[in-house]
Amino acid sequence: MFQDKVVIVTGAASGIGRQTAIEFARQSAKVVVADIDEKGGNDTVAQLKDDGHEAVFVTTDLTVEADCAHLVATAAETFGRLDILVNNAGIEVTTPLHELPEHEWDRLVDTNLKSMFLCSKHALRQMMPAAGGSIVNVCSVSGLVAWPGIAAYNATKGGVLMLTKSLATDYAQYNIRANCVCPSIIDTPMTDVSNGHDAAVKAEKAKLNPIGRLGTPEDVAHAILFLASDKSSFITGTALTVDGGYTAI
Ligand SMILES: NC(=O)c1ccc[n+]([C@@H]2O[C@H](COP(=O)([O-])OP(=O)(O)OC[C@H]3O[C@@H](n4cnc5c(N)ncnc54)[C@H](O)[C@@H]3O)[C@@H](O)[C@H]2O)c1
């Protein structure tokens, strides 16, 4: 489905990002893996190469503009073009708002929102002259409704939603689409951390989704690939829930 297409996936050392990189590679894309976690990023690329795919890892702190510029430049230099950007990397902070230190707010906003601005900015500069591209941002149901107890995280995801709509509005004239996916709880290392690695807590959380299970990284990756592909060529500015019905209630 993605023959000759070049995709950057941020946060692809783990969880949803890693699975997204794998699914793109299986569909013949050339994959640029970006992450601050060198070991995890290299592991993802090793797995892709072992399976016969083309991939490269770029160590990137997505909160730093020079790193994001270098990431996009490396994609273009290595594979000659950039077709798809998946802004996936993110962190969760569970401290209640009235106890949240200012520097933690800044770290959260920089990682979850500024990173998407920076990568999009530099990717757009590649995509605009080529008159085409697709950006998929990993938002959350908490960008649509307030998940209890994580106000700062919710705020960053609300920002991701509006960044997505704004990208869609402003860059449609360049044949560049922008969409986001909004997962509920997905079974990843991030969720393990916020559940205190407690299987009972995880099982309880799964019941919040009407479908009765946690989502998988594959569930989210499949939605991302759809939005990145030509099969969604008339879809831009949308927020696709991947939530087992969480927001349908
Ligand atoms: N897991 C869930 O339940 C869930 C639900 C909704 C949305 N999301 C979103 O999905 C995305 C992926 O989450 P996940 O669950 O796969 O998490 P994860 O912790 O498994 O993976 C996140 C990746 O982002 C990377 N990262 C963090 N900060 C970075 C930085 N400054 N520069 C470069 N890389 C950085 C980490 O190293 C890690 O590899 C996030 O945006 C998250 O908010 C997750």
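If you read the sequence from its start, that first residue is 1, and numbering goes on from there. Just so it is clear, the model here is predicted, and its values are computed rather than measured. One-based numbering, in listed order, for ligands and for the atoms of each.
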Exercise for review: Show your reasoning for whether salt bridge (Lys or Arg N to Asp or Glu O under 4.0 Å) applies to Asp187 and Arg213.
Suggested key: CA-CA 9 Å; Asp187 196 357; Arg213 65 169 175 85; over 6 Å; no
Check your understanding: Passes salt bridge (Lys or Arg N to Asp or Glu O under 4.0 Å), Asp37 versus Lys39? Steps please.
Key -> CA-CA 6 Å; Asp37 172 1; Lys39 188 191 174 304; over 6 Å; no
**Study point:** Verdict with supporting geometry, Leu85 and Met127, side-chain contact (heavy atoms from CB on, under 4.5 Å)
**Key:** CA-CA 10 Å; Leu85 168 66; Met127 291 172 174; 4.3 Å; yes
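Close approach to Thr111 involves these atoms of ligand 1, each under 4.0 Å from a residue heavy atom: 28 (N). Distances below 4.0 Å separate heavy atoms of Thr191 from the following atoms of ligand 1: 1 (N), 2 (C), 3 (O). Every atom of ligand 1 is numbered from 1 in the order shown, and the set under 4.0 Å from a heavy atom of Ser140 is 6 (C), 7 (C). Against a heavy-atom cut-off of under 4.0 Å, Gly15 is close to the following atoms of ligand 1: 16 (O), 20 (O). Those atoms of ligand 1 that come under 4.0 Å of a heavy atom in Gly90, given as number and element, are 22 (C), 24 (O), 40 (C), 41 (O).
Regarding atom 15 (O) of ligand 1, its nearest protein heavy-atom neighbour is Thr188 OG1, 2.5 Å. The closest protein non-hydrogen atom to atom 27 (C) of ligand 1 is Ile91 CG2, 3.9 Å. What sits closest to atom 19 (O) of ligand 1 on the protein, heavy atoms only, is Met190 CB, 3.6 Å. Among all non-hydrogen protein atoms, the one lying nearest atom 6 (C) of ligand 1 is Pro183 O, 3.4 Å. Looking only at protein heavy atoms, the nearest one to atom 20 (O) of ligand 1 is Ser14 OG, 2.6 Å. Of the protein's non-hydrogen atoms, Ile186 N, 2.8 Å is the one closest to atom 3 (O) of ligand 1. In terms of protein heavy atoms, atom 38 (C) of ligand 1 is closest to Asp35 OD2, 3.6 Å.
Looking at Asp219, its side chain never comes within 3.5 Å of a backbone N or O of Gly215 through a donor-acceptor pair. Under a 3.5 Å cut-off, the side chain of Asn112 and the backbone N or O of Thr156 do not form any donor-acceptor pair. The backbone N or O of Leu108 lies less than 3.5 Å from no partner atom in the side chain of Thr111, so there is not a single donor-acceptor pair. The main-chain N or O of Ala25 is found under 3.5 Å from a side-chain atom of His53 such that the two form a donor-acceptor pair.
Residue-to-ligand polar distances place Tyr153 within reach of ligand 1: an N/O pair is separated by less than 3.5 Å. Taking distance alone, with nitrogen or oxygen atoms compared against 3.5 Å, Leu62 approaches ligand 1 more closely than that limit. No N or O atom of Ala12 sits closer than 3.5 Å to an N or O atom of ligand 1. Between Ile36 and ligand 1, at least one N/O pair is under 3.5 Å apart.
In summary, Asp198 and Lys202 do not engage in a salt bridge, as defined by a charged side-chain N under 4.0 Å from a carboxylate O. Of the charged side-chain nitrogens involved, none lies within less than 4.0 Å of a carboxylate oxygen, so that Lys49 and Glu54 do not count as a salt-bridged pair.
Contacts between Thr60 and ligand 1 below 4.0 angstrom, taking non-hydrogen atoms only, involve the backbone exclusively. If you look at Asp61 next to ligand 1, the close heavy atoms, those under 4.0 Å, come from the backbone and the side chain alike. The part of Lys157 lying near ligand 1 is the side chain, judged by heavy-atom distances below 4.0 Å. Contacts with ligand 1 closer than 4.0 Å are made by heavy atoms of both the backbone and the side chain of Ile16.
Taking 4.0 Å as the cut-off, Cys139 counts as a neighbour of ligand 1 on heavy-atom distance. Heavy-atom distances between Ser184 and ligand 1 reach below 4.0 Å in at least one pair. Heavy atoms of Pro189 come nearer than 4.0 angstrom to ligand 1 in at least one pair.
A ring-centre distance under 6.0 Å is found for Tyr246 and Trp147.
Pairing each heavy atom of Leu82 with each of Gln126, the nearest pair is CB-CB, 4.3 Å.
For the 3.5 Å distance criterion, the side chains of Asn87 and Ser120 qualify, holding a donor opposite an acceptor.
Hydrophobic clustering keeps Met190 apart from Ile16 (ILVMFWY residues linked when any side-chain heavy atoms are closer than 4.5 Å, directly or through intermediates).
If you check each of Val220, Asn88, Asp243, Val138 against atom 41 (O) of ligand 1, the one with the closest non-hydrogen atom is Asn88.
Using a 4.5 Å heavy-atom cutoff, the side chains of Lys5 and Lys30 are not in contact.
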